[in-house]
Amino acid sequence: MEQLELLMQGFAAAITPINMLWVLLGAIMGTAVGVLPGLGSSMAVALLLPITFSLDPTAALIMFAGIYFGGMFGDSTAAILLNTPGQSSAIASTFEGHKLALNGRAGQALATAAIGAFIGGLLATLLTVFMMPVLMRLATMFGPAEYFALAVFAFLAVSSVVSESVVKGLIALGIGLALTFIGIDGPSGTERYTFGTPELLDGFSIVVITVGLLALGEVFDQASKVGTEAVVKPIQQRRAMLGWKDFRYALPAWLRGTAFGLPFGIVPAGGSEVPTFLAYGTEKSLAKRRGDKEFGTTGSLRGLAAPEAAGNATTGTAMGTLLALGLPVSSTAAIILAAFQQFGLQPGPLLLTNNADLVWTLLASLLIGLLVLLFINMSLAGVWAKLLSVPNHYLYAGITVLAVLGVYAVGSSMSDLWILFVIGVLGLIMRRYRVPLAPVMIAVVLGPLAETELRRALAVSEGDVAVLWSSPFTIGLYLVLAAALVISGVQHLRHRRKAKLEAQTVAVRIPEHLDTK
């Protein structure tokens with residue numbers, strides 16, 4: 001096959017001492033920055049971008065291959081150990097991963113995340129290598145109506161499937177959409193909900209919202225529970241270890257998660273946030289059918305394995321979409337696109353024609369970077385796990401400092417810090433009233449995309465709303481969404497009825513018991 005020959009040429013160019021050094025440095029630095037709470041993978045790429053400007057394009061992009069996946073590995077590490085994901089794509093990993101860590105299984109959790117990220121990234125990169133022409137044709141088939149349908153699907157699926165309460169899920173979705181409406185309206189250039197405040201003209205940065213809602217909100221929540229926190233079991237493992245039995249148990253979830261992540265890296269549907277939540281929701285539903293009591297209590301390996309594989313699978317195919325079409329499908333991919341342009345390169349069909357050697361060397365470097373990261377994370381898992389032994393007042397004070405410095409480094413604006421504080425308080429309130437955070441992040445990421453594509457579709461059709469369901473893809477997607485909502489509604493009603501019957505049973509038994517007294 002032609003692709004295989006080109007990939008082998010890419011390996012020949014990538015496997016040199018100096019290039020391997022760049023991959024290793026990129027992997028270590030990407031993981032180190034990504035693991036710091038409040039920073040994350042996109043911050044890792046942004047902060048390390050200036051370092052690559054002194055290198056030649058091939059060396060710089062090879063280094064980015066390590067940073068790209070390294071940041072994703074670091075996001076998961078912070079999410080599992082500290083419950084403060086560095087990126088919104090790692091939120092789903094906190095649900096089961098942090099419970100595993102708190103119950104003395106941090107080594108297993110980190111190993112599950114590392115292997116899942118490796119499997120998802122490996123399969124996605126191989127798909128990118130062998131299916132590049134197909135990816136290009138498939139991505140060009142999507143129009144504004146299809147993009148809007150994907151966004152609506154993500155909004156309602158996450159709000160109803162991941163959330164324990166549909167009402168609270170929709171409230172969280174509304175909060176996220178409201179945050180995206182503030183600032184200058186792109187198509188018309190008019191102000192929206194700025195209340196005459198110049199600092200709000202640019203809207204809220206996704207970095208500020210992510211760090212405020214997740215990192216600072218967690219800090220405030222922990223500060224409000226001083227003296228009530230549970231004692232954490234010390235971690236004894238020096239390496240991440242996963243037995244053969246646990247490996248076989250997690251393998252189906254890894255494969256299911258990869259299947260969720262692959263298609264979401266092809267189209268701009270919000271990056272890896274959507275498939276991670278959908279993968280987690282699927283495992284949650286399957287766990288209920290199996291009667292898995294670990295899920296949601298002491299932590300489930302499958303509940304962690306699926307979103308980890310989904311996140312890196314999306315990251316892998318997103319690189320293929322970026323190279324083939326010049327289309328960034330996530331904030332991290334957008335920063336990498338800026339790096340390409342800094343070297344005078346424009347991703348797209350012309351890049352494959354004029355700089356094919358660079359493209360295939362980069363793809364080979366992604367595969368090498370995955371192997372390097374698997375080795376690093378399996379070896380250093382015990383070091384990361386020792387973060388649990390750091391006293392909370394030191395740990396969360398450090399998180400606060402890093403979060404503030406990270407936000408200020410991005411915009412160099414004091415107004416961003418005030419917004420960070422306000423959103424942190426909002427995160428505290430949402431945690432206190434058990435309002436889910438996932439729909440907020442999905443709305444913030446996909447809200448602008450949904451609005452833009454809706455306007456484009458209506459502009460092309462001259463106001464005819466029928467264009468939104470005029471293609472077979474949109475009709476099929478809306479039918480699947482309707483079926484999912486009906487099934488989710490029935491399940492919620494069943495759970496509510498079951499809880500009501502159990503409450504009535506308890507109320508009847510208590511008087512009988514008192515009468516016997």
Side-chain angles (χ1 to χ4, degrees), residues 34-40 72-114 116-117 162-164 210-211 213-225 228-235 237 240 242 246 250 253 257 273 276-277 279-281 283-284 287 292-308 310-311 377 381-392 395-396 398-399 403 427-428 430-431 434 436-438 441:
V35 77
L36 295 175
L39 299 184
M72 293 288 290
F73 275 71
D75 289 343
S76 303
T77 302
I80 292 169
L81 297 180
L82 306 175
N83 202 30
T84 53
Q87 196 85 343
S88 55
S89 58
I91 296 175
S93 298
T94 64
F95 300 146
E96 301 302 316
H98 190 58
K99 290 183 176 65
L100 287 167
L102 291 178
N103 284 277
R105 302 175 67 188
Q108 288 176 294
L110 291 170
T112 301
V162 175
S163 306
E164 294 291 340
T210 301
V211 174
L213 202 62
L214 302 178
L216 204 59
E218 179 69 17
V219 170
F220 290 161
D221 186 54
Q222 292 296 325
S224 67
K225 299 176 181 177
T228 62
E229 60 270 8
V231 178
V232 178
K233 298 178 181 179
I235 305 301
Q237 294 113 314
L242 197 66
D246 289 334
E273 292 84 359
T276 55
F277 289 121
Y280 174 78
E283 296 303 320
K284 186 176 182 180
D292 187 354
K293 296 181 180 179
E294 291 184 347
F295 209 100
T297 54
T298 59
S300 170
L301 290 178
R302 283 184 175 177
L304 172 63
E308 282 299 314
N377 283 274
V383 177
W384 305 130
K386 290 185 181 299
L387 287 173
L388 284 173
S389 62
V390 178
N392 279 354
L395 185 61
Y396 286 99
I399 292 173
L428 169 64
M430 293 180 65
R431 285 172 170 85
R434 302 179 64 85
L437 302 178
M441 300 309 306

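Positions are given from 1, in the same order as the sequence printed here.
Rounding to the nearest 0.5 Å places CG of L428 at 9.5 Å from CG of L216. The OH atom of Y280 sits 8.5 Å away from atom OG of S300, with the distance rounded to the nearest 0.5 Å. In this structure, CG on L102 lies 4.0 Å from NE2 on H98, to the nearest 0.5 angstrom.
Taking each heavy atom of L213 and M430 in turn, the nearest pair found is CD1-SD, 4.1 Å. The minimum heavy-atom distance linking L100 with L304 is given by the pair CD1-CD2, 4.2 Å. Across every non-hydrogen atom of A306 and E283, the tightest pair is CB-CG, 3.4 Å.
Of the residues listed (I80, L301, L110), the one engaging R105 in a side-chain contact (heavy atoms from CB on, under 4.5 Å) is L301, and it is the only one.
Annotation: side chain to side chain donor-acceptor pair (under 3.5 Å) contacts of S93 (sequence neighbours excluded): E308. Judged as a side chain to side chain contact (heavy atoms under 4.5 Å, CB included), and not counting sequence neighbours, the contacts of A250 are W254, A305.
At least one donor-acceptor pair closer than 3.5 Å links the side chain of N103 to the backbone N or O of K99.
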